[in-house]
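First comes the structure, then the notes that go with it.
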Number of protein chains: 2
Amino acid sequence: MVVQTGVRLSLTEYAVLGLLAREGTSSGYDLMKVAAGSVGYIWSPSKTQLYVVLGRLVDAGLATRRDVPQPDRPDKSLYRLTAKGRQALAEWLDDVDVADDVERHPFLLKLFFGGHGAPDAMVRQLEAYRDSAVARLETYREIERDIVEHDDLERHFGYMTLRFGIARAEATIAWADATLEELAA
Amino acid sequence: MVVQTGVRLSLTEYAVLGLLAREGTSSGYDLMKVAAGSVGYIWSPSKTQLYVVLGRLVDAGLATRRDVPQPDRPDKSLYRLTAKGRQALAEWLDDVDVADDVERHPFLLKLFFGGHGAPDAMVRQLEAYRDSAVARLETYREIERDIVEHDDLERHFGYMTLRFGIARAEATIAWADATLEELAA
DNA sequence: TCATTCATGTAAGCCGTTACATGATTGT
DNA sequence: ACAATCATGTAACGGCTTACATGAATGA
């Protein structure tokens with residue numbers, strides 16, 4: 001049973017809670033780099049927004065800030081979760097909200113209205129989309145190799161997430177190939 | 001060759017251009033209903049935003065507005081594309097922008113940070129996600145039946161788009177099943 | 001009698017982005 | 001000599017959402 005804090009946050013705020021949870025203590029600057037190298041393919045904020053969010057988390061009592069003066073380099077602020085912050089994160093992870101997501105996707109929208117464009121426009125569009133999916137899949141495969149080699153795979157949520165991306169990418173490529181074939185006929 | 005109008009619009013603006021292109025003439029109110037019954041699963045705006053966008057399209061010379069007074073019902077405005085509007089749409093459909101999309105998805109983010117929640121939280125999360133994918137797939141299948149029965153399938157872009165959704169939904173369900181099995185072990 | 005359809009909007013606000021600013025230190 | 005790293009922010013704006021408002025006509 002998770003105790004209710006009743007806090008409602010934006011996606012980015014929860015993401016930062018999550019990152020802080022695994023990092024323990026970190027500066028905004030470092031969080032950006034950590035994010036780029038891990039959740040980056042699911043979620044990546046602008047640094048501006050990250051700093052804003054960190055400030056809000058402190059204001060809401062979900063994190064603490066400790067300023068660290070540095071002689072050589074610019075001063076920095078270190079953040080860490082409070083008990084309340086860890087609770088808010090757990091609450092979010094526990095909360096099942098079945099918001100059926102609208103696939104808000106420019107490419108799909110283009111395809112849908114494809115009939116109003118040049119006859120071959122959608123072929124080029126599909127090829128480009130297919131190519132980017134292939135490239136993405138390759139990147140995922142590389143990350144996968146790394147995980148399988150170095151990590152423990154038991155309940156490895158990062159790996160599960162990655163395999164979601166892989167499954168989707170493969171499905172996308174297969175669909176694009178079939179659709180291109182159909183357009184070529 | 002598509003002549004350049006040089007216009008850059010938001011996704012919603014292009015979507016409205018697309019809808020107007022197929023409708024010919026329509027009020028904002030009617031566009032909302034048309035959208036809900038067609039592109040709804042890819043893109044659905046709030047009515048507020050729709051009205052704002054329509055106004056902007058007129059200001060930009062991409063559509064025209066004609067006010068129609070009605071005795072019984074509230075007056076309405078009818079919109080239709082200008083040549084420039086049709087051109088801007090074609091231009092957009094022609095333009096291949098390879099913005100590799102970040103899968104900005106709450107569920108994935110939760111899964112990624114799953115280790116910081118209750119041990120069984122992700123099981124419930126996955127089940128709910130799987131269920132919603134199954135429900136979505138069923139809806140798609142119904143739409144598909146309708147299309148196959150009543151429409152011409154030659155270069156049917158709406159159908160292609162739908163099959164994308166179907167392919168993704170199926171991949172999602174398969175992945176969720178596998179992942180749930182892994183968590184149960 | 002009460003909800004729904006028709007039809008359009010205003011006001012307020014959230015989330016997020018890009019552009020710009022600062023300024024020492026380290027690497028090429 | 002020039003770029004990149006470190007480190008944090010301000011300002012301005014864009015896109016979108018929710019809540020609220022209006023008011024006659026029709027159907028359960």
Side-chain angles (χ1 to χ4, degrees), chain A residues 7-17 23 25-37 39-40 42-60 63 65-79 97 99 101-102 104-106 109, chain B residues 7-17 23 25-37 39-40 42-60 63 65-79 97 99 101-102 104-106 109:
Chain A
V7 186
R8 283 231 178 152
L9 305 172
S10 72
L11 194 63
T12 294
E13 280 161 340
Y14 283 118
V16 173
L17 286 185
E23 291 301 307
T25 299
S26 177
S27 67
Y29 189 88
D30 285 336
L31 280 184
M32 266 308 277
K33 296 177 46 174
V34 170
V39 268
I42 308 174
W43 164 88
S44 63
S46 62
K47 62 177 176 46
T48 302
Q49 185 67 3
L50 179 58
Y51 286 121
V52 169
V53 160
L54 282 167
R56 278 208 295 248
L57 292 181
V58 172
D59 290 346
R65 155 195 271 133
R66 183 163 54 92
D67 291 337
V68 179
Q70 299 188 126
D72 310 13
R73 302 151 173 292
D75 298 353
K76 62 176 168 181
S77 300
L78 294 181
Y79 297 87
D97 56 340
D101 55 298
V102 174
R104 175 173 222 55
H105 198 332
L109 207 57
Chain B
V7 185
R8 283 232 177 152
L9 305 172
S10 71
L11 194 65
T12 294
E13 281 161 339
Y14 283 118
V16 173
L17 286 185
E23 291 300 307
T25 299
S26 178
S27 66
Y29 189 87
D30 284 336
L31 280 184
M32 267 306 278
K33 297 176 49 175
V34 169
V39 267
I42 307 174
W43 163 86
S44 65
S46 63
K47 63 177 174 49
T48 302
Q49 186 66 4
L50 178 58
Y51 286 121
V52 170
V53 160
L54 282 168
R56 278 207 295 247
L57 292 181
V58 172
D59 290 346
R65 155 195 273 134
R66 183 162 53 92
D67 291 337
V68 179
Q70 298 188 127
D72 311 12
R73 303 151 174 296
D75 299 352
K76 63 176 169 183
S77 301
L78 295 180
Y79 298 86
D97 55 342
D101 55 297
V102 175
R104 176 174 220 53
H105 198 332
L109 207 57

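Quick caveat: nothing in here was measured; it's all calculated off a predicted structure. Chain letters run A, B, ... following the sequence lines, proteins first and then strands; every chain starts at 1.
- In this structure, B:Gln49 contributes its side chain and B:Ser46 its backbone to no donor-acceptor pair below 3.5 Å.
- As judged by a 4.0 angstrom heavy-atom cut-off over every strand, B:Ser77 is placed among residues touching the sugar-phosphate backbone only.
- Within 4.0 Å of A:Thr12, counting heavy atoms only, lie sugar-phosphate atoms of the nucleic acid but no base atom.
- Heavy-atom distances to DNA chain C give each of A:Ser44 and A:Pro74 a nearest nucleotide, and the one nearer the 5′ end belongs to A:Ser44.
- Distance CZ/A:Arg56 to OH/A:Tyr51: 15.5 Å, rounded to 0.5 Å.
- Per the geometry, CG belonging to B:Leu9 stands 13 Å off P belonging to D:dG14, to the nearest Å.
- Distances shown here put every side-chain N or O of B:Arg73 at or beyond 4.0 Å from the OP1 or OP2 atom of D:dT26.
- Using a 4.0 Å heavy-atom criterion, one finds that A:Ser46 contacts the bases of the nucleic acid, with or without backbone contacts as well.
- In this structure, B:Asp75 contributes its side chain and B:Gln70 its backbone to a donor-acceptor pair below 3.5 Å.
- A:Tyr79 contributes atom OH, which lies 12.5 Å from atom OG1 of A:Thr25 (distance to the nearest 0.5 angstrom).
- Distance NZ (A:Lys47) to P (D:dA4): 16 Å, rounded to an integer number of Å.
- For the pair A:Ser44 and B:Arg104, the tightest heavy-atom approach, listed with the atom from each and the gap, is N-NH1, 4.5 Å.
- Across all strands shown, A:Arg8 has no heavy atoms under 4.0 Å from either base or sugar-phosphate atoms.
- Nearest heavy-atom pair across A:Asp67 and A:Ser77 is OD1-OG, 2.7 Å.
- In this model, the phosphate group of D:dC6 is approached by a side-chain N or O of A:Lys33 to a distance below 4.0 Å at OP1 or OP2.
- What separates OH of B:Tyr14 from P of D:dC16 is a distance of 13 Å, to the nearest Å.
- Nearest to the side chain of B:Asp72, among D:dA11, D:dA25, D:dA7, sits D:dA25.
- If you measure from atom CZ of A:Arg104 to atom P of D:dT17, you get 6 Å, rounded to the nearest angstrom.
- Note on A:Gln70: a side-chain N or O is less than 4.0 Å away from OP1 or OP2 of D:dA7.
- You can see that DNA chain C meets the heavy atoms of chain B within a 4.0 Å-exclusive cut from C:dT5 to C:dG16, reading 5' to 3'.
- Of the possible polar contacts, one joining the A:Tyr14 side chain to the A:Leu9 backbone as a donor-acceptor pair under 3.5 Å is found.
- If you find the closest nucleotide of DNA chain C to B:Asp75 and to A:Trp43, the one lying nearer the 5' end belongs to B:Asp75.
- Residue A:Tyr29 contributes atom OH, which lies 7 Å from atom C1' of D:dA7 at whole-angstrom precision.
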